[in-house]
Amino acid sequence: MYDLTGKRALVTGSTQGIGKAIAKLLAECGATVIVHGSSSREKCERAAQEMSGNTETAVANLSESGCAQRLYDQTGDVDILVLNASVQVRKAWDKITEEEFARQMDTNVRASLFLTQKYVPYMKQKQWGRILMIGSVQQHKPHKEMAVYAASKCAQMSLVCNLAKQLAPDGITVNNLSPGAIATPRNAEVLQDEAYARQVRAGIPLGYAGSAEDCTAAALLLCSEEGKYITGIDLMVDGGMHL
């Protein structure tokens, strides 16, 4: 089971956190994995060195216009596209600037669409493809200091539902995986505040923040042949936080 030998996978934002953990597992299962970062080739190469199997690296800032073509020029075609990279700004809704709004929407929504446009033709040709977008529990329980981030993830999920139906006849599945409170570098600082961390844990029925690795088995299922009959879903990996 879960043999990805011969498949090429691009995982955006895979130098750390959830993206890195997913990339590592896909590589362990035989896929050639492209580790992507926004600016540092060195950081991508360090992450790739921690993974078994075949790896490549690519660098592109997904908030910039033309990012899809720049990334595709480095990677070529892939069978598996994991859209994990995102921008998250913690700020009260009435303090968000136009630049902060644009950067979150461009990275989290616009790039998702244009990267999908770029990589789908090959999948159609092969009549096999897996597209996995990484959403957030905030689609269901938006944080008061991340209104735009939450809205961008809702828009991304709408895209999943729309594309899943259109691409299904070509053997391409499109799904969303929504993590809850995960102890990643992005959340390290706020979770170090014990009072805040205790408040977060109180809102999770299982009682603890998850790890990046807790997201990987679900991602592997949705990126594999074993997940061929699953499309258009939002798979929550959140310890019940959305309830």
Side-chain angles (χ1 to χ4, degrees), residues 4 7-88 103-123 129-136 149 152-153 156 159-160 163 172 174-177 179 182 184-187 212-213 215-216 218-220 222-224:
L4 298 178
K7 303 297 187 187
R8 285 175 59 79
L10 167 61
V11 183
T12 65
S14 46
T15 61
Q16 64 181 25
I18 294 170
K20 181 180 178 181
I22 291 173
K24 185 176 181 181
L25 183 57
L26 297 183
E28 288 173 359
C29 290
T32 295
V33 174
I34 303 161
V35 177
H36 161 262
S38 63
S39 58
S40 171
R41 179 79 61 177
E42 181 182 359
K43 191 174 181 180
C44 291
E45 291 173 351
R46 284 200 304 269
Q49 288 170 3
E50 298 178 34
M51 301 177 192
S52 61
N54 297 321
T55 58
E56 302 174 12
T57 61
V59 174
N61 186 335
L62 300 188
S63 70
E64 296 177 352
S65 178
C67 63
Q69 186 63 54
R70 283 194 292 276
L71 189 51
Y72 180 79
D73 287 343
Q74 297 172 65
T75 67
D77 294 314
V78 301
D79 306 281
I80 300 166
L81 177 62
V82 180
L83 296 170
N84 167 76
S86 68
V87 170
Q88 182 187 90
R103 190 155 50 91
Q104 291 177 94
M105 296 302 290
D106 286 344
T107 304
N108 305 353
V109 184
R110 186 183 70 176
S112 295
L113 173 62
F114 290 114
L115 286 168
T116 301
Q117 286 182 355
K118 188 59 62 176
Y119 289 99
V120 155
Y122 174 78
M123 297 180 187
R130 299 289 181 267
I131 299 170
L132 178 61
M133 301 194 192
I134 305 302
S136 172
Y149 176 78
S152 75
K153 291 301 179 177
Q156 192 178 53
L159 195 60
V160 166
L163 297 181
I172 303 168
V174 186
N175 290 295
N176 198 66
L177 188 158
I182 306 296
T184 62
R186 168 182 281 178
N187 296 323
E213 287 70 26
C215 300
T216 59
L220 177 60
L222 297 176
C223 290
S224 68

Undergrad: Using the test side chain to side chain contact (heavy atoms under 4.5 Å, CB included), find all partners of R41 that sit at least two apart in sequence or belong to another chain.
TA: E45, T57, V59, Q74

Undergrad: What I'd like to find out is whether the side chain of M51 reaches to under 4.5 Å of the side chain of V35, using heavy atoms alone.
TA: yes

Undergrad: How would you list, by chain and number, every residue that makes a side chain to side chain contact (heavy atoms under 4.5 Å, CB included) with S136, sequence neighbours excluded?
TA: Q138, Y149, K153

Undergrad: Indicate yes or no: at least one non-hydrogen side-chain atom of L115 is less than 4.5 angstrom from one of Y72.
TA: no

Undergrad: Between L220 and C29, which heavy-atom pair has the shortest distance, and what is it?
TA: CD2-SG, 3.8 Å

Undergrad: Is the shortest side-chain heavy-atom distance between Y119 and L10 below 4.5 Å?
TA: yes

Undergrad: What distance do N61 atom CG and L71 atom CG have between them, rounded to the nearest 0.5 Å?
TA: 11.0 Å

Undergrad: Check M123 against D79 and note the closest heavy-atom contact, atom names and distance.
TA: CE-O, 3.6 Å

Undergrad: For residues I34 and A58, report the shortest heavy-atom separation together with the two atoms involved.
TA: CG2-CB, 3.9 Å

Undergrad: Passes side-chain contact (heavy atoms from CB on, under 4.5 Å), I134 versus I22? Steps please.
TA: CA-CA 11 Å; I134 305 302; I22 291 173; 4.1 Å; yes

Undergrad: Begin with the C-alpha distance, continue with both residues' side-chain angles, and end with the deciding distance and a verdict on side-chain contact (heavy atoms from CB on, under 4.5 Å) for I131 and L163.
TA: CA-CA 10 Å; I131 299 170; L163 297 181; 6.0 Å; no

Undergrad: Side chains of T32 and E56: does their closest heavy-atom pair fall under 4.5 Å?
TA: yes

Undergrad: Could you walk me through whether N176 and L222 pass the side-chain contact (heavy atoms from CB on, under 4.5 Å) test, one step at a time?
TA: CA-CA 9 Å; N176 198 66; L222 297 176; over 6 Å; no

Undergrad: Enter the distance from T116:OG1 to L81:CG here, rounded to the nearest 0.5 Å.
TA: 5.5 Å

Undergrad: Look up atom CG in L83 and atom CG in N108, then write down how far apart they are to the nearest 0.5 Å.
TA: 10.5 Å

Undergrad: Could you grab the distance from atom CZ of R110 to atom CG of L159, nearest 0.5 Å is fine?
TA: 14.0 Å

Undergrad: Which pair of heavy atoms, one from S152 and one from V109, lies closest together, and at what distance?
TA: O-CG2, 3.4 Å

Undergrad: Taking K24 first and then E213, would you say they form a salt bridge - that is, a charged N and a carboxylate O separated by under 4.0 Å?
TA: no

Undergrad: Side chains of S112 and Q156: is there a donor and an acceptor less than 3.5 Å apart?
TA: yes

Undergrad: Would a 4.5 Å heavy-atom cut-off, applied to side chains only, mark K118 and Q69 as touching?
TA: yes

Undergrad: How close do A60 and H36 get, heavy atom to heavy atom, and via which atoms?
TA: O-NE2, 2.8 Å

Undergrad: Could you tell me if the side chain of V82 sits less than 4.5 Å from the side chain of C223, heavy atoms only?
TA: yes

Undergrad: Would you say R130's side chain and S224's backbone share a donor-acceptor pair under 3.5 angstrom?
TA: yes

Undergrad: Rounded to the nearest 0.5 Å, what separation is found between the OG atom of S14 and the NZ atom of K43?
TA: 10.5 Å

Undergrad: Pair N175, L177 - check side-chain contact (heavy atoms from CB on, under 4.5 Å), show working.
TA: CA-CA 7 Å; N175 290 295; L177 188 158; over 6 Å; no

Undergrad: Under 4.0 Å between a side-chain nitrogen and a carboxylate oxygen: does that hold for E42 and R46?
TA: yes

Undergrad: Sub-3.5 Å donor-acceptor pair from the side chain of R8 to the main-chain atoms of I80, do we have one?
TA: no

Undergrad: Kindly give the heavy-atom pair with the smallest separation between T107 and S86, and that separation in Å.
TA: CG2-CA, 3.9 Å

Undergrad: Could you give the distance from CD1 (I18) to OG1 (T216), rounded to the nearest 0.5 Å?
TA: 10.0 Å

